[in-house]
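Some notes on the structure that comes next.
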Amino acid sequence: MAVKGLGKIDQAYDGSNLRIGIIHARWNSVIIDALVAGAIKRMQSLGVKEENIIVETVPGSYELPWGTKRFVDRQKKAGEPLDAVIPIGVLIKGSTMHFEYISESTTHALMQLQDKVNMPVIFGLLTCLTEEQALARAGIDEAKSMHNHGEDWGAAAVEMSVKYGP
Ligand SMILES: O=Nc1c(NC[C@H](O)[C@H](O)[C@H](O)CO)[nH]c(=O)[nH]c1=O
């Protein structure tokens, strides 16, 4: 049976010298809060100091690309540059095509953003067809016993920063 998710990381990376940003949308906040907590928990387990995890918010997932760019720029200007950034959003399909357009455009923009900011931009956008799918991927719905994808995103931020940092 294929095991979904990041699975066993090939080694624990030392995040003690890293500064990681999380910027999250405020739609579907119960799910967002669980994902953010999972990312923070996993980064701290890899040595990232609490004071080096900086959290900002934007209204919705569509604002993540612009908000992330400005977040990274401002941290650099303040002399506290980030090593990686994790934009987090939860999109849940409704009765219109809004979901498809935001999912596609935001995903594309976040992928392209990496070259502009010259650092890992971890893909923390859940694009779910139902609320149950989103709850399961935030580790909230025990019945589905899926795991919290936020933990994968935290681990990816540390690994990418350590392996491919400046
Ligand atoms: O519509 N659904 C969602 C949503 N819409 C708002 C959009 O991201 C943006 O904030 C506004 O259009 C204003 O620009 N934003 C989400 O994060 N998740 C959703 O499920």
Side-chain angles (χ1 to χ4, degrees), residues 4-6 18-44 48 50 52-78 81-161:
K4 290 200 181 302
L6 185 59
L18 299 178
R19 181 182 296 112
I20 310 280
I22 293 176
I23 181 167
H24 69 78
R26 296 192 297 270
W27 273 66
N28 305 305
S29 58
V30 169
I31 300 164
I32 288 281
D33 291 348
L35 293 166
V36 170
I40 291 171
K41 177 183 137 195
R42 186 62 172 273
M43 288 193 284
Q44 289 183 322
V48 183
E50 186 175 356
N52 286 340
I53 300 174
I54 301 156
V55 181
E56 295 219 355
T57 77
V58 291
S61 294
Y62 182 83
E63 280 76 39
L64 284 172
W66 178 248
T68 301
K69 176 74 170 64
R70 301 296 284 165
F71 180 24
V72 169
D73 291 348
R74 286 181 180 156
Q75 283 297 130
K76 190 173 180 181
K77 194 172 177 184
L82 301 176
D83 292 288
V85 62
I86 314 174
I88 295 179
V90 175
L91 285 158
I92 298 174
K93 173 81 178 135
S95 55
T96 69
M97 288 292 287
H98 201 212
F99 165 85
E100 285 82 352
Y101 290 122
I102 299 178
S103 298
E104 167 64 23
S105 58
T106 302
T107 299
H108 190 64
L110 290 176
M111 171 63 80
Q112 286 194 320
L113 192 55
Q114 293 185 104
D115 289 340
K116 292 177 187 167
V117 297
N118 193 31
M119 76 174 64
V121 175
I122 303 306
F123 186 63
L125 192 65
L126 280 191
T127 53
C128 298
L129 299 178
T130 64
E131 190 172 303
E132 291 70 29
Q133 283 183 356
L135 288 164
R137 284 153 183 79
I140 295 173
D141 180 351
E142 285 71 25
K144 297 279 190 313
S145 69
M146 295 274 290
H147 91 122
N148 184 335
H149 285 218
E151 295 181 18
D152 293 343
W153 304 337
V158 171
E159 178 178 348
M160 292 301 286
S161 299

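Counting from 1, the numbers follow the sequence of the chain as shown. In listed order, ligands and their atoms are each counted from 1.
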Query raised in the report: Does ligand 1 have a heavy atom under 4.0 Å from the side chain of Ile92, from its backbone, from both, or from neither?
Result: backbone
Query raised in the report: Closest non-hydrogen protein atom to atom 18 (N) of ligand 1, residue and atom name please, with distance?
Result: Val90 O, 2.8 Å
Query - Nearest heavy atoms of Tyr62 and Thr106, plus distance in Å - result: CA-OG1, 3.8 Å
**Report entry** Closest non-hydrogen atom pair between Ile92 and Ile31, with its separation
**Finding:** CD1-CD1, 4.2 Å
Query raised in the report: What is the minimum heavy-atom distance between Asp83 and Ser161, and which atoms define it?
Result: O-OG, 3.6 Å
Report summary line: Checking heavy-atom distances from atom 10 (O) of ligand 1 to each of His24, His98, Glu131, Glu63, the winner is Glu63
**Report entry** Best match, Tyr62, Tyr101, Trp27, Phe99: closest heavy atom to atom 6 (C) of ligand 1
**Finding:** Trp27
Query raised in the report: Which pair of heavy atoms, one from Gln114 and one from Val121, lies closest together, and at what distance?
Result: OE1-N, 3.1 Å
